[in-house]
Undergrad: 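What follows is a single structure, and I will ask about it in a moment.
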Amino acid sequence: MNIPRTSYPRIVIIGGGFAGVALAKKLSKQEVQVVLLDKHNYHTFQPLLYQVSTGGLEPDSIAYPIRKILKDFPNFYFRLANVKAVDTKKNKVKTSIGDLKFDYLVIASGSKTNYFGNSEIETHSMAMKTIPQSLNLRSLILENFEDALLTSDLNERNALMNFVIVGGGPTGVELAGALAEIKKGILPKDYPDLDTRLAQIHVVQGGERILPGMSDKASQKAEDFLEKLGVNIWKNVRVTNYDGKTATTDTDLTFETATLIWAAGVKGATIKGLDAGDFITRGNRLIVNEYSQVKGFEHIFAAGDVACMETEDFPNGLPMMAQPAIQQGEQLGHNLLKLIEEKPLKPFTYKDKGSMATIGRNKAVVDLKKWKFQGVFAWYVWMFVHLFFLIGFRNRMVVFINWVYNYVRFDREARLIIRPFKRRSNG
């Protein structure tokens, strides 16, 4: 990898997500050598991926080069690589571009879509965890409407215009709201010769309510918002299979759809060598203590979605969201320096700053520690918070201008099929 060996301790970070970047920033200008490995050369602001999927934003608005984030940091190295395995006995990371020794290792590889072992759903459904996946979904949505124009088969046309979103968490809810607004304000203009009123948007939730991680009031208000937008919500229903044409459930309900979007869960993106049962708990996450140390190791850590830190308030591990990842990364930066200096480590305490979700134009729900509110003001708060946490002044300005333009013109100009999506064969 052409990384010089120095007298400084070498800290290798796997993953340039929220936790990895927050950790690297905390270690900047310290007497350590930091090597960050990622299969992409950019950091993705995942909370806005659904806007890329629905044509509200271009991908470069929510992505930022990792090298640029950390360009002024001495003793920092970034390598574009796929991490294949970790050799815990030899303190070595094995990657697609070679092996690398470490003194301290931090796994911040994030999460990936959890299909719960259903290979057919995995093959035929659409995920939305990365920018390439979001671009694929955007292309498929637009291609489906183009195909609907060409078919004379009414059932096929309806299937092409039906969208099934599996999962009623923030991702599913926000995506459903965006699709509903496209149906209402954009499709009639783009496809005047197509009866877009026939387009259907379904949210299928396995539990008793949508947004289960938020308050009952937020959940009910989000449901009301979606229903007013014409979204069909199916609760206590689980999708059991999807063959590319028909989605079946654990009830008598079936959906004929050409687009099934799987937002029903995620699991830790663990790495070979640290994926044995001794280290893994529910959700395929690495077991860590209050200092983010992986079970059984003092020099190997995990932070963010891939780490399961059990607390009194979160017995199943901290939420797999941006805020816990950022806070863990920052605290781990302090503790790594303390560990090197042989000082006592400080246990991590998660400061829950609340949760929020937007359901479209002037509609959002916000749960803070002391206040809970919904509607227009919540929508403005949601926008401000997301702009604040975007990396880079340019990205903030581009996203803000796009949002203002889309609000005034009721338009989404990024509805472009840049690269056609080729669905895998149903056979």
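If you read the sequence from its start, that first residue is 1, and numbering goes on from there. All of these numbers come straight from a predicted model, not from anything done at the bench.
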Undergrad: Counting N and O atoms only, with roles assigned by atom type, does the side chain of Tyr350 sit under 3.5 Å from a partner on the main chain of Phe314, one being a donor and the other an acceptor?
TA: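 Pair absent, no side-chain N/O of Tyr350 close to backbone of Phe314.
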Undergrad: In a check of salt bridge (charged side-chain N to carboxylate O under 4.0 Å, His left out) between Asp216 and each of Arg209, Lys372, Lys221, which one passes?
TA: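 Running salt bridge (charged side-chain N to carboxylate O under 4.0 Å, His left out) over Arg209, Lys372, Lys221 with Asp216 returns exactly one hit, Arg209.
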Undergrad: So, Glu143 side chain and Phe421 main chain: donor-acceptor pair closer than 3.5 Å or not?
TA: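 Side chain of Glu143 to backbone of Phe421: a pair is present.
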Undergrad: Trp403 vs Trp382 aromatic rings, parallel, tilted or perpendicular, using cut-offs 30° and 60°?
TA: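 Rings of Trp403 and Trp382: tilted, as their planes differ by 30° to 60°.
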Undergrad: For Arg138 and Leu416, indicate whether the former's side chain and the latter's backbone hold a donor-acceptor pair under 3.5 Å.
TA: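 Yes; judged by distance alone, with no hydrogens or angles, the pair exists.
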Undergrad: May I have the step-by-step check of salt bridge (charged side-chain N to carboxylate O under 4.0 Å, His left out) for Asp243 and Lys245, ending in yes or no?
TA: CA-CA 6 Å; Asp243 62 4; Lys245 295 180 180 179; over 6 Å; no
Undergrad: Could you please spell out the steps behind the side-chain hydrogen bond (donor to acceptor under 3.5 Å, both in side chains) verdict for Asp250 and Thr240?
TA: CA-CA 6 Å; Asp250 59 354; Thr240 55; over 6 Å; no
Undergrad: Would His202 and Phe163 count as a close aromatic pair, with their ring centres under 6.0 Å?
TA: no
Undergrad: Does Trp234 offer a backbone N or O that forms a donor-acceptor pair with the side chain of Gln205 under 3.5 Å?
TA: no
Undergrad: Please work out which of the three classes, parallel, tilted or perpendicular, describes the rings of Phe45 and His386, given edges at 30° and 60°.
TA: perpendicular
Undergrad: Answer yes if the ring centres of Tyr42 and Tyr64 are under 6.0 angstrom apart, and no otherwise.
TA: no
Undergrad: Of the options Val365, Ile359, Val366, Asn362, which is the one that meets Trp379 in a side chain to side chain contact (heavy atoms under 4.5 Å, CB included)?
TA: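 Per the side chain to side chain contact (heavy atoms under 4.5 Å, CB included) rule, the option paired with Trp379 is Asn362, out of Val365, Ile359, Val366, Asn362.
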Undergrad: Step through it carefully: locate the ring centre of Phe297, locate the ring centre of Phe279, and say whether they are under 6.0 Å apart.
TA: yes
Undergrad: Begin with the C-alpha distance, continue with both residues' side-chain angles, and end with the deciding distance and a verdict on side chain to side chain contact (heavy atoms under 4.5 Å, CB included) for Leu336 and Val106.
TA: CA-CA 10 Å; Leu336 278 168; Val106 180; 4.1 Å; yes
Undergrad: Indicate the atoms forming the closest heavy-atom contact of Met309 with Ser292, along with that distance.
TA: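 Closest approach of Met309 to Ser292: CE-OG, 3.5 Å.
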